[in-house]
Structure formats: structure tokens, C-alpha cells
Amino acid sequence: MYCTKRITDDMSWVGADDRRLAFFEGVYGVPDGVSYNSYIIKDEKTILFDTVDKAVCHNFFENLEHELAGRGLDYLVISHMEPDHAATIADVALRYPEATIVCNAKIKTMLQNYFHAGLDARLHVVAEGDTLSTGRHNFTFVMAPMVHWPEVMMTYDTTDKILFSADAFGSFGALNGRIFSDECDFMHECIDEARRYYTNIVGKYGPQVQAVLKKAAGLEIKLVCPLHSFVWRQGFGDFLEKYLKWSSYEPEENGVLIAYASVYGHTENAANILAAKLCDRGVKVKMYDTSVTPASYIVSDAFKYSHLVFAATTYNAGMFVTMEQLLHDIAAHNLQKRKVALIENGSWAPTSGGLMRGVLSGLKGTEFIGDTLTVRSSLTEEQLGDLDVLADAIAESVLPAKPAAAEVAVSAEGGMEGIFEVDSKAFNKFSYGCEVLTTRVDGKDYGCIINTAGQITSSDPKKITISCIKANHTCDMVAKAGVFNISILSEDAPYDLFKHFGFQSGRDVDKFADWPDELRTENGLRYIGQHTNAVLSARVIDSRDCGTQMLYIAEVVEAHVLSDKPSCTYSYYHAHIKPKKAPAGPAVEGWVCKVCGYFHEGPELPADFVCPLCKHGPEDFEHYVPAVVNKKKGWLCTICGYFYEGETLPADFVCPICHHGADAFEPAEQ
Ligand code: FEO
């Protein structure tokens, strides 16, 4: 009997769950099952997006037949040729001989290789940007090479703003009767399996994922329909944020993953003692025995955590087999930017440490903490001290730096020495104004512009709130540090100061590298002494996730008036500080950020768009339409979609995204 799910008035899911599959791709255990998604749209023409694995083809055909209700199938769109989605293509072609198969050139080759079925006459081959109409719906095809295979393409329904995202935004785990991600608490219940799916399936291809995310950023998207797991109709930003982290190899959490390979328990013992010492120091630790936990779970957590410890015994003059498999998996998935410590064990000739170091040092951005700790059969009493040294070094790297001792600061404005008290008059400087939010993590200072600080209680300890755009790096840093300073800007603040703290990210630059003074409150946090009239230093006592913003409630521990100049209100900033004119308009249609002047190219601004410079949303953008829209001539990389602008492509040109040569490019206009 059929089992379908309605997604929109004219679109249904006709896929199936599979809970009998032991190993996805023959290697990744799926204890919670997996779904194979296929979608049918019944427009003037009918169009099916992808098929399913052969294990569930019976359910799929019952579903499809039910939804078609006697109608024929006009189009089958193939997004991806991996057999978990493509195994039943030839059967669809047989059952629906009138159906045209929509694919790209790479898929055409793979169809021949897989099916040898003479389907060529039924193919409609599309390329980047090609369109197809089924009546009310208009579709545009978007190439997504290496997410997860080179032939992958996505389809964007420009009518209903639906992105058929192929493997992207999928997850392990059966649907269990649901279809939308908001029918469960996805970010808590499902995110671990989504991470394991992403890291193990497409983790290797971070730059290609980033390239596709960049393309998708220009689209208004109301539904995301992946080939596995749930359809997204709300809250997609949180999942997208994870994808941005995973694909750029940024850790999600400051903490330590310890993976150990131990034959008789002595290496495990050293790992356990190190874990205990790290926990004593306040470090979050997750441990795995590589002989027990399949590598895919450990790879997934290696993407999650900032610090990794590997402990392995020596075996056959190499590293123990399960550790060898894990490290090669981690290397194969291209993990980057991790801080690593090593423990080796060897009764007569320890070699595992050097071998582990050899594999991991090949990964971009790996930093080793301390020397490899060598255990000879079992840990000695004296080596407990060595583990203390290692735990200290790891903890120092993981935990936010303790603020430096108070510095006697000389304010350029007030000439005040040291600031150690809470001056109530500082609170009078609050308005709906502009502030520089600063904090300090791992010995580095961070800052950004906010306009959301205010007092909420006047009894001691006085409390204030701030909210901060989550996309701002400083927002994350405040969460880590638990303390922040607010420097309230006065009307004499120049636009350059707003640009310096507001229109660049602490992820990319050190905003304090060349800052002209070294002013700090007693807890060691920087504050801005010029063009400000007060500084308040506060300790976070509560926070609330407000969607795009984090709200922090904090107790003020220091407050000082710095000058008697009027506070710069938000309206004063717009009226007198922000340049009146946006940058000269380009020759293409787009949207101009009224706050910072950033130009977003394209006729439509996605509802959840966030300005990459100042992080403001669509409400702060205004539509810009040029007198004449000219297309740029150039060359399109057929592998990754990168566009090179210019009449002639240099013969030795190499694509900066996918590194293919000039022969992979074809003339194009954008
Ligand atoms: Fe779900 Fe790459 O196939």
C-alpha cells in the first residue's frame, strides 16, 4: 500500500524509509535507518525528482502510481547518479515510456555506464542556468559538482522557491512518518546524525560545498528538499550555519575529542587519566575506543571539536589497526585547522606516535600541542607529571584566556587612571545608541558595533542587556568568554570607527592589531577610550537565543564615565555620520545595504539574507535598478561553476575553486 506525504498543494514525497540497511555505502552503519527521497509535482505536466534505492523500489512505485492517479509521467529529473537515488531509473523509464529524462552531460555518461539501456533518445540534457517549464512551475538547473559526485545538480523552482538540493542538507536517519524538519527538534534530536552524514559523505569537499552555498545565497528559498531526511520549511538558517562551519572546517565546540587504540588497556589507562586531568581543569572531553566505535562517528566528532588527542599502541611496528583506519579516514575527509596532542605506547619499539604525526601533519592547519608522550607498556608514577604538563597545555589552548591582570589605563578622553568601580552616572549614557562591544578569548581581543545595549535593573548588582547578531564573530566570543565591555560611542565618533568595528569580521582580521591605545578594564578586556562617553564591563549571567540574535543578560562589574559628550544615537548615526550616498551604482540590478553600502547582486533579496559586512538583514536593504542591465562576458568552470570575467581565458588558467584547468571552462555570460 502506498505511503506518501503531501508537501505543497501540488507536490508530494513518494520516497521510502529503509531500516534494514546495515551499512550505507557499504561502510557507514545506519542504526536509525535512512530515507531515500523522491518528489513528484503535478503541474500541467508531471515531473518527478529522482528515484530511490532498489531496496525500496516496490514502495516507491506504489507511491508514484498513487500520486499520478492515472496520469502519465512527463519528466524525470536526475540530480545524482549514486545508486541510492538512481537504481530505479531504468525501471521508471520502462514503466513510463513517455517520460523525458532531464539530466546534465555528466549524468548522461553515467546513465550509459550504469544501465547500458539506450536511453539517449529520451534525454533532455541541461547545463548551468538552463530552464524548464511544466506549466505553473518554472525550474532552473544549478550544477553542484562534488556535492557529492561530479555530476550532481540541484534544481531551483523559481515559482514556489523550492530548492531540490540533492545530497546537500541530507542526513542519516529514517523519517519515521514525518516529512518536515520542524516536526521534530532537529537541531537537538538529529544534528549528530546530520553531522555524521555530512562529514563522512561530503566532508572532503568543503570548497565545493562553499561554492554551491555561495550560489544558493542569491536565491529566495522557501523549501529545501534533499535526497535524504527532512524537507526544510522553517529554521533552515540554523542548519545552514552548521554547513558553513563544517564546509570551512571550523570546529563547532571548544573541547577535546580523545580517541584511543588499546590492546590490553594500558594505552586506554593513559587516555583516561588525561581525560580526568582535563575535566579537572574545566575542559569538555569526549572519548572513543577506536576498536569499539566505528570510525564514522569519530570522524564526525573530529569535525565538531576544536582539539583532538590520539593515543595508540604500536602494533606490527605500525600504529594499531583501528587507529590507522581512523586517521586515514580523517585524512581522507580533509579535516583541517585542529589542535592535536599524541600519546604512543610501545613495549620495545614505539613507532605509533611518529606514524600518527606523519598522517596528521599532512592536514592543513594542524597544530601539535607538546611532544608525543611515550608510554613503555604501562604508565609510570613519574609520567603522571608528564600528563599534568600535557593537560595544562591542552587546557590553556582550549579554555578562554584568563584576563590579564589589571592594567593602569590612561584614557585619552578622561585622563583617568585605572577603573575599578561602578559609577552610576555611566548608565545615564545609554540611549538607543551605538556601542562597541568588546571581549577577549584565547589571548585575542574582539570587538563589533551593536546598537542594543540597555539597563534593566538599577539595584546592585546592576544588570544590562545586549543583543548581538549571531553571525558576528564577537557574539560567539562573548559566549565563550562570559564577560564583555560596552564602550558607548559619542556623537564625535567618525564613520571610520564604525567601519573598523562594524564592516569587517574578527574571523578575518585582528581589529585591535594596530589600534592606537591599549585601554583595558580591570578584567583585562579592551575598551574604546576615544569618541566614547562611558565604558561598562559586565559578566554574562543568562542568555537567550532569539533566532538571528543572541540576547545576553549581564551584571555590571565596572562602569565609568569617560567624557561628557552626547551619546551617538542610532538616528544621529544615520543622519550625521553614515555617508549619505551608497557607492556608485553598478550596471546590474541588486540591493544596497543602507547601513554599510554593501551591494548584493540580483533581482531578489532572500528573506533571510544577512549582509556579509555589517550583518544587517533585508529590512536594511533598498532595491537598486540600473538604467541598463548588461551581462558580463566570461568563462564558466563546468566542474564547479566558478565564473571568470573576461573575453579571453588564459591558457594556463587554473580554477581557484576546484583547480581544474582552462579546458574545463566554456564561454558564458553572467
Ligand atoms: Fe545519497 Fe551521494 O547519494
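These numbers come from a predicted model, not from an experiment. In listed order, ligands and their atoms are each counted from 1.
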Between Tyr243 and Phe239, what is the ring plane arrangement, given parallel below 30°, perpendicular above 60°, and tilted in between?
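Tyr243 and Phe239: perpendicular rings.
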Closest approach to atom 1 (Fe) of ligand 1 by Asp84, given as the N, O or S atom name:
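Asp84's closest N, O or S atom to atom 1 (Fe) of ligand 1 is named OD2.
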Say whether, by atom type as modelled, one donor and one acceptor occur between the side chain of Lys5 and the main chain of Gly177 under 3.5 angstrom.
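A pair under 3.5 Å: yes.
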Taking the six-membered ring for Trp, are His228 and Tyr197 ring centroids under 6.0 Å apart?
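Yes, close enough.
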Start with the C-alpha gap between Asn176 and Arg19, add the side-chain angles, then the distance that decides, and say whether side-chain hydrogen bond (donor to acceptor under 3.5 Å, both in side chains) holds.
CA-CA 10 Å; Asn176 298 335; Arg19 297 183 194 81; 3.0 Å; yes
Of all the N, O or S atoms in Glu82, which has the shortest distance to atom 2 (Fe) of ligand 1?
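Nearest to atom 2 (Fe) of ligand 1 within Glu82's N, O and S set: OE1.
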Metal site atom 1 (Fe) of ligand 1: N/O/S of His80 inside 2.8 Å:
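Checking atom 1 (Fe) of ligand 1 against His80, no N, O or S atom falls under 2.8 Å.
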Take atom 2 (Fe) of ligand 1 as the vertex and measure to OD2 of Asp167 and ND1 of His148; round to 10°.
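The two atoms subtend 90° at atom 2 (Fe) of ligand 1.
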Cut-off 3.5 Å, side chains only: do His473 and Asp476 have a donor facing an acceptor?
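No, because no side-chain N or O of His473 sits under 3.5 Å from a partner of the opposite role on Asp476.
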To the nearest 10°, what's the angle at atom 1 (Fe) of ligand 1 between atoms NE2 (His85) and NE2 (His228)?
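Angle NE2(His85)-atom 1 (Fe) of ligand 1-NE2(His228): 90°, rounded to 10°.
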